[in-house]
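Below is one structure, written out as structure tokens; the observations come after it.
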Number of protein chains: 2
Amino acid sequence: MSERDAKTDHILDAALPVFVRHGFRKASMADIARAAGISRASLYLSFKSKEDLFRAGSTRAHARTMRDVEAALSGDGDVFGRIETAMAVFQRELIAPFAGSADAIELFDVNMALAKDITLAARARLVALLAQALSDAETAGMINLGSLQARPADVAGVIVAAIDGIKHAEGAGPKFAEDMQLFMRLLRAAIS
Amino acid sequence: MSERDAKTDHILDAALPVFVRHGFRKASMADIARAAGISRASLYLSFKSKEDLFRAGSTRAHARTMRDVEAALSGDGDVFGRIETAMAVFQRELIAPFAGSADAIELFDVNMALAKDITLAARARLVALLAQALSDAETAGMINLGSLQARPADVAGVIVAAIDGIKHAEGAGPKFAEDMQLFMRLLRAAIS
DNA sequence: GGACAATTGGACTATTATTGTCTAATTGTC
DNA sequence: GACAATTAGACAATAATAGTCCAATTGTCC
């Protein structure tokens, strides 16, 4: 890792809890600089604006998460276990850190405003990966999508959309993880 | 309770967690109004400024606490038990709610800036109440201050000063309660 | 319905905070 | 000492907030 990447990484690590605590609007660049232990001037050497910084954080989080999701899906075990793990990774890395924030809604909104492309690309990639996993499982006779009259990509799309819907419905709350698990049981029951 | 008092009480109840969460500076009157479920205009019908509101909150908290402290000191049991309970009340009602805040230092500073008179008066009253309890206990032969070469008021002053010192030293942290208890054991050992 | 008081959204100004930029001084490194 | 990185601090432009005001709305009582 280059010196530059190490620095931006350190700043993003420091910025995350500041955004979680104060939300985007109330988190000032001074707050973030203080949290990172650097001067405000230095902050602008690494990021050209507050929006740029947030976008970089979102980009990094999505990149990391998708790498871990891909690893989970190419692991061992049956297709349900791998999908459950993958979705758990997605939830834990991209949603949970913010869902606990009192400003979770603002943060998700800001993310869609500033990093819509990255967010949608990651989501599309997630759908594609899930679809591939489902397709492979169907070919191997592990699952049966015929009774649902659905193609793998359709089911994958529904899974991701459901996660997103639950996230928006429950926001923070402990009900989120609960609803997630219920949905996974439902999925398993439907296509086993 | 008058209609007016009920309203200001409701507002102060709503404002407390806002101050705890955001600190004084970052807590806006809009935040407080939203938390109280009223309009910003209404907020200014009850309080003429943000400082006035904070001061009212501090005043109410001190009044409540001193009432409870007095009740604790005039309760049953030996003098140590009553003092321990009284100090626990003081800590729980006037310190703990803010010590958990990430902006605890700012809040204590603002309190001294905006409600110094109330804070110091309450502290003086606490010292006087403790001194009276100690004096009564000494008269009854329950404790012995002679070996310390101190008068009740001196010991009471030290107790309150120590609490304050520990508060400032530990700020938030779980060590506060721990140090409090240690100090009480120390006191008991010294004057039994 | 109509009088009445309380509440509200919204407009408004003055004040303050924040952003983003810049420079000169400082720090640490080779 | 040369060099690059970092810094404090000043700065203008922008945005947020405090506090005030009023006309419109709401609900209450008669």
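Per chain, numbering begins at 1; letters A, B, ... match sequence-line order. These figures come from a predicted structure and were not determined experimentally.
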Nearest whole angstrom, please: distance from the [atom2] of [N] to the [atom1] of [X].
{"X": "B:Leu43", "N": "D:dT20", "atom1": "CG", "atom2": "P", "answer": "12 Å"}
{"X": "B:Arg34", "N": "D:dA16", "atom1": "CZ", "atom2": "P", "answer": "13 Å"}
{"X": "A:His22", "N": "D:dA16", "atom1": "NE2", "atom2": "C1'", "answer": "16 Å"}

Between the main-chain N or O of B:Ala115 and the side-chain N or O of B:Thr119, is there a donor-acceptor pair closer than 3.5 Å? yes
Applied to residues 110-138 of chain B, the salt bridge (charged side-chain N to carboxylate O under 4.0 Å, His left out) test, sequence neighbours excluded, yields B:Arg55-B:Asp117, B:Glu70-B:Arg125, B:Arg123-B:Asp164
Quick test of your reading: applying salt bridge (charged side-chain N to carboxylate O under 4.0 Å, His left out), list the pairs with at least one residue in residues 88-100 of chain B, sequence neighbours left out, ordered by first then second residue. none
Check salt bridge (Lys or Arg N to Asp or Glu O under 4.0 Å) between B:Arg64 and all other residues, then give those that pass, not counting sequence neighbours. B:Asp9
For each nucleotide in nucleotides 17-28 of chain C, reading 5' to 3', give B when a protein heavy atom comes within less than 4.0 Å of its base, S when such contact involves only the sugar-phosphate, and - otherwise. SSBBB-------
Listed once per pair and sorted, the side-chain hydrogen bond (donor to acceptor under 3.5 Å, both in side chains) pairs that draw on residues 141-158 of chain A, sequence neighbours left out: A:Arg151-A:Asp154
Could you list the donor-acceptor pairs under 3.5 angstrom formed between side-chain atoms of residues 180-188 of chain A and any protein atom two or more places apart in sequence or on another chain?
from, atom 1, to, atom 2, distance (Å)
A:Arg188, NH2, A:Glu84, OE2, 3.1

Take the C1' atoms of the five end pairs on each side of the helix from C:dG1-D:dC30 to C:dC30-D:dG1, derive the two axes, and give their angle rounded to 10 degrees. 40°
Does C:dT8 have its OP1 or OP2 closer than 4.0 Å to a side-chain nitrogen or oxygen of B:Ser42? yes
Sequence neighbours left out, what passes ring pair (Phe, Tyr, Trp, His ring centres under 6.0 Å) with A:Phe54? Give chain and number order. A:Phe19, A:Phe24
Residues clustering with A:Met112 (ILVMFWY side chains joined when closer than 4.5 Å, directly or via others): A:Leu120
Pull out every residue in residues 52-60 of chain B that has a heavy atom closer than 4.0 Å to any atom of DNA chain D, ordered by number, or say none. none
Can you list the residues that meet the side-chain contact (heavy atoms from CB on, under 4.5 Å) rule with B:Val18, with sequence neighbours excluded? B:His22, B:Ala27, B:Asp31, B:Ile32, B:Ala35
Just jot down the side-chain contact (heavy atoms from CB on, under 4.5 Å) partners of B:Ala122, sequence neighbours excluded, or say none. B:His62, B:Met66
